[in-house]
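Quick note: numbers below take in every heavy atom, side chains included, and nothing from hydrogens, waters or symmetry partners. Every chain is numbered from 1, with letters handed out A, B, ... down the list of sequences.
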Amino acid sequence: MSDSKKTAPKPTIKAVRGTRDLLPDQTPLWNHVETTARAVFARYGFGEIRTPIFESTELFARGVGEETDIVSKEMFTWKDGERFDKDALRDWWLRKHSQRLGSWSTIDAPFALTIEVRDRPHEHEIVAFAGEISPALIATLVAFGAPSYVRQKDFDEWLAQDEPRDSSQINDQSRTIKAVKRLVVPTAVPDKGEEWLRDDLVVEFASENFTKSSQSLTLRPESTAGVVRAYIEHKLGETGNLQKLYYIGPQFRRERPQRGRYRQFWQIGAEVIGPQSSGAESPLRDAEVLEMLATLLDELGIRDWKLELNSVGSSEDRVRYNAALRDALQPVKHLMCEDNQRRADTNPLRVLDSKDEADQEIINNLPKIADYLSEDSAAHFEQVLAALEACGVKYHLNPRLVRGLDYYTRTTFEFTVTTGLGTQNAMLGGGRYDGLSEMLGGPRAPGIGFAIGEDRLILTLQAQAEADAAASGETVAAPKLDAYIAPLGITQNPAALALARELRAAGLKVEVGEGSFKIGKSFGFADALARHVILLGEDEAATGTYTVKTFTTGEQVKIPRAELAAKLQN
RNA sequence: GCGGCUAUAGUUCAGUGGCAGAACGCCGCUCUGUGGCAGCGGAUGUCGUGGGUUCGAACCCCACUAGCCGCCCCA
């Protein structure tokens with residue numbers, strides 16, 4: 001015992017910031033939400049689409065918008081397939097020095113090593129000259145001509161600082177060594193001396209790009225862009241039909257985690273998109289989507305949702321409104337808070353979102369988007385409202401509802417709740433995106449969609465359930481298995497498993513105990529897990545009649561094996 | 001990304017410079033074919049991680065990590 005305490009414990013690995021595990025006590029609720037969503041979507045004619053979890057970075061830059069916070073600072077982006085292009089570098093170097101090289105230009109020159117700068121994988125620096133990482137060879141090369149670039153001492157120090165402190169860091173070092181071995185640069189030629197080895201070479205080297213086959217990829221921060229990409233890629237518009245697509249899956253944004261805000265979070269979303277001739281642009285679609293969401297939230301038992309609705313107009317409307325806002329803000333912006341002063345110049349729309357109390361009066365007197373809608377946009381919005389009223393879906397017009405993704409046009413909306421989410425009270429958001437397909441290089445394909453924050457939905461449901469439990473004084477019990485089989489001795493174990501197999505085949509939910517447990521302990525396990533306990537001892541094995549106890553009533557009966565399954569159903 | 005609060009047993013938390021605790025839960029026994037109740041007994045642990053101050057640190061200081069709250073943004 002004391003020995004094992006002396007060995008240094010390995011550092012534990014925990015779920016990374018903003019991610020979490022959903023354990024079996026959580027997943028039933030998640031599955032319930034997803035099952036309900038699928039059922040509702042199916043009734044409205046939606047089919048499921050599954051798009052990749054990572055996409056080309058370019059997709060989000062163009063779709064979501066380069067200037068949005070999501071794209072500019074919250075994406076998990078990396079270079080994939082980037083390899084050091086030794087040939088390209090050699091060609092470059094030989095070309096650069098062809099005159100001086102003369103006949104040398106065809107030979108294999110010794111190489112200089114470069115390493116990736118730590119934590120900045122796309123920057124390289126030269127550390128030593130060598131074909132292999134051997135101190136002897138390095139020493140030789142240093143003597144030969146390397147000193148103008150790197151000193152032996154620097155290289156030694158660099159190696160030393162990478163000495164692993166414990167086993168968990170070995171991989172890190174191996175990676176670095178591997179990087180060193182991989183990145184090989186021709187820079188020196190035997191017998192030509194160090195005249196070749198000048199600092200300007202390093203500078204020039206650093207400014208050249210010697211990577212190949214790299215592409216920038218990004219974990220999806222939202223799914224609409226990917227769905228529209230798929231719509232374009234598979235030419236779904238060519239069918240002429242309206243496409244109604246839904247998805248359920250994780251999204252990734254590198255934000256500071258908070259309650260209801262995670263770096264990996266789940267969205268349930270849907271998109272209605274198609275060529276104009278399919279009716280994709282019809283206000284009926286907007287209303288249908290909103291009515292469907294109201295139905296879904298009702299069926300899930302979300303009690304206090306509120307639909308906030310606005311129209312931000314077409315992209316042309318928005319340009320005009322932005323200009324009007326900018327003009328209106330110019331004379332008063334110096335009275336506003338720092339954030340709003342900045343927004344007044346960079347993104348006037350966002351001023352409308354401001355919660356700064358002192359600025360509210362100014363904001364309320366700013367031009368209203370409604371006054372800048374084109375006739376088409378205004379008529380479209382009116383028809384959406386009319387259809388909602390016909391369906392009896394309550395909404396609140398919020399002229400200050402401005403959404404942060406660039407692709408939104410016309411109808412925008414948000415469903416908020418008051419339970420369980422604190423200030424992150426937006427549980428769901430969406431809107432129309434009539435120009436998105438074109439932005440992604442596709443055909444004209446107006447659309448409307450939404451994304452539900454599943455994590456937030458679940459938090460709300462849990463908060464509601466807690467409030468109910470507190471009000472009624474009752475606690476919700478986890479559903480129990482139908483039976484627990486308690487073998488009374490290890491010799492009964494095989495028979496217990498055989499019985500379990502039989503009952504499970506009959507559709508019962510069954511757990512099997514272990515014959516080495518004492519009977520009291522078995523009862524404890526059984527009561528925690530199941531509604532009935534089946535005792536399996538020598539008597540039962542001999543007679544084929546089993547003792548079954550029902551925990552809720554305390555009743556205990558003997559049941560022949562053939563009748564067990566039927567009796568346990570109740 | 002910014003500001004604030006927090007981190008001690010499986011869980012909820014107490015402990016503000018001097019032997020690391022309570023409750024619940026857990027384990028054992030009373031009790032080897034009837035548990036839950038009861039009685040008795042037991043173990044809970046790198047006090048988030050790493051440094052520093054101190055004779056002495058869970059406690060004071062610094063850094064880091066993570067969570068929560070607010071901002072920002074969004075789902």
Side-chain angles (χ1 to χ4, degrees), chain A residues 4-20 64 67-74 165 221-224 249-269 337-340 342-343 347 350 353-356 401-405 408 413-417 421-431 449-460 484 486-490 492 513 515-530 533-540 546-552 554-556:
Chain A
S4 68
K5 276 203 166 176
K6 277 179 193 167
T7 62
K10 287 186 179 162
T12 55
I13 298 170
K14 296 191 282 190
V16 302
R17 184 168 163 82
T19 70
R20 64 213 175 115
V64 178
E67 300 307 314
T68 60
D69 281 11
I70 292 177
V71 172
S72 63
K73 48 193 184 200
E74 293 174 1
R165 267 173 241 161
E222 57 104 55
S223 282
T224 300
Q251 319 288 338
F252 306 84
R253 292 181 199 171
R254 199 177 48 226
E255 291 188 279
R256 186 139 170 177
Q258 241 175 79
R259 181 180 179 82
R261 189 166 83 181
Y262 308 98
R263 289 183 164 196
Q264 175 176 340
F265 60 102
W266 291 70
Q267 285 189 336
I268 300 174
C337 70
E338 216 174 287
D339 278 345
N340 280 334
R342 175 174 45 78
R343 291 182 192 135
N347 193 350
R350 293 241 72 94
D353 252 355
S354 168
K355 288 166 194 136
D356 189 296
L401 177 67
V402 178
R403 303 202 52 78
L405 281 62
Y408 282 120
F413 57 87
E414 212 168 72
F415 282 68
T416 58
V417 292
L421 294 182
T423 54
Q424 309 290 326
N425 70 341
M427 191 173 62
L428 167 183
F450 63 84
I452 302 170
E454 190 175 2
D455 309 75
R456 293 181 181 184
L457 183 65
I458 299 250
L459 279 174
T460 303
Y484 181 96
L488 303 174
I490 52 174
Q492 302 301 330
S516 59
F517 299 149
K518 287 176 183 164
I519 186 156
K521 189 167 171 166
S522 289
F523 267 65
F525 285 136
D527 196 19
L529 289 173
V533 60
I534 303 171
L535 297 184
L536 177 46
E538 287 174 17
D539 292 353
E540 284 80 1
Y546 294 80
T547 306
V548 177
K549 182 162 180 170
T550 306
F551 287 112
T552 47
E555 182 192 8
Q556 187 166 311

Say you pick atom [atom1] in [N] and the same atom in [M]; how far apart are they, in whole Å?
N      : M      : atom1 : value
B:rG52 : B:rA9  : P     : 25 Å
B:rG21 : B:rG42 : P     : 14 Å
B:rC47 : B:rG10 : P     : 12 Å
B:rC62 : B:rA22 : C1'   : 33 Å
B:rA20 : B:rA57 : C1'   : 13 Å
B:rU12 : B:rC74 : P     : 33 Å
B:rA23 : B:rC29 : C1'   : 23 Å
B:rC60 : B:rG18 : P     : 11 Å

### Query
Near A:E538 CD, under 6.0 Å, is it more than 12 heavy atoms from other residues, nucleotides or ligands?
no
Does the structure show a Watson-Crick or G-U wobble partner for [N], both distances under 3.5 Å? Name it, or say none.
N      : value
B:rG70 : B:rC2
B:rG56 : none
B:rG41 : B:rC27
B:rC19 : none
B:rC64 : B:rG48

Classify the nucleic acid contact of [X] as base, sugar-phosphate or nothing, counting any heavy atom under 4.0 Å across all strands shown.
X      : result
A:F450 : nothing
A:G429 : sugar-phosphate
A:R456 : base
A:Q492 : nothing
A:G18  : sugar-phosphate
A:G489 : nothing
A:S522 : nothing
A:D455 : nothing
A:Y262 : base
A:I452 : nothing

### Query
So which one's nearest nucleotide on RNA chain B is more toward 5', A:T19 or A:E222?
A:T19
Report yes if a side-chain nitrogen or oxygen of [X] is closer than 4.0 Å to either non-bridging phosphate oxygen (OP1 or OP2) of [N]; otherwise report no.
X      : N      : answer
A:K518 : B:rC29 : yes
A:R17  : B:rG67 : yes
A:K521 : B:rC27 : no

Return the value, rounded to whole Å, for the distance between atom [atom1] of [X] and atom [atom2] of [N].
X      : N      : atom1 : atom2 : value
A:N425 : B:rC71 : CG    : C1'   : 15 Å
A:F525 : B:rG25 : CZ    : P     : 16 Å
A:E255 : B:rC72 : CD    : P     : 13 Å
A:E74  : B:rC2  : CD    : P     : 14 Å
A:I519 : B:rG28 : CD1   : C1'   : 18 Å
A:R20  : B:rA66 : CZ    : P     : 16 Å
A:Q258 : B:rG4  : CD    : P     : 15 Å
A:R263 : B:rC68 : CZ    : P     : 12 Å

### Task
Tell whether A:R261 reaches the base of B:rC68 with its side chain through a donor-acceptor pair below 3.5 angstrom.
no
### Message
Please check: side-chain N/O of A:D455 versus main-chain N/O of A:G260, any donor-acceptor pairing under 3.5 Å?
### Response
no
Quick one: [atom1] on [X] to [atom2] on [Y], what's the gap to the nearest 0.5 Å?
X      : Y      : atom1 : atom2 : result
A:Y546 : A:L536 : OH    : CG    : 5.5 Å
A:F450 : A:Q267 : CZ    : CD    : 10.5 Å
A:L459 : A:R259 : CG    : CZ    : 5.0 Å

Which nucleotide in the list [options] gets nearest to the side chain of [X]?
X      : options                : answer
A:L535 : B:rU34, B:rC69, B:rC72 : B:rU34
A:R253 : B:rG4, B:rC74, B:rC29  : B:rC74
A:E540 : B:rG33, B:rC29, B:rC68 : B:rG33
A:R256 : B:rG4, B:rG33, B:rA66  : B:rG4
A:D69  : B:rC73, B:rU34, B:rC68 : B:rC73

### Message
Whether the A:Q556 and A:T547 side chains hold a donor-acceptor pair (N or O, under 3.5 Å, no angle test) is what I'd like checked.
### Response
no
### Task
Give the intermediate values and the outcome of side-chain contact (heavy atoms from CB on, under 4.5 Å) for residues A:T19 and A:F252.
CA-CA 10 Å; A:T19 70; A:F252 306 84; over 6 Å; no
### Task
Just jot down the side chain to side chain contact (heavy atoms under 4.5 Å, CB included) partners of A:E74, sequence neighbours excluded, or say none.
A:D69, A:I70, A:R253, A:E255
### Query
With sequence neighbours left out, what residues match A:A526 under side chain to side chain contact (heavy atoms under 4.5 Å, CB included)?
A:Y484, A:V533, A:F551
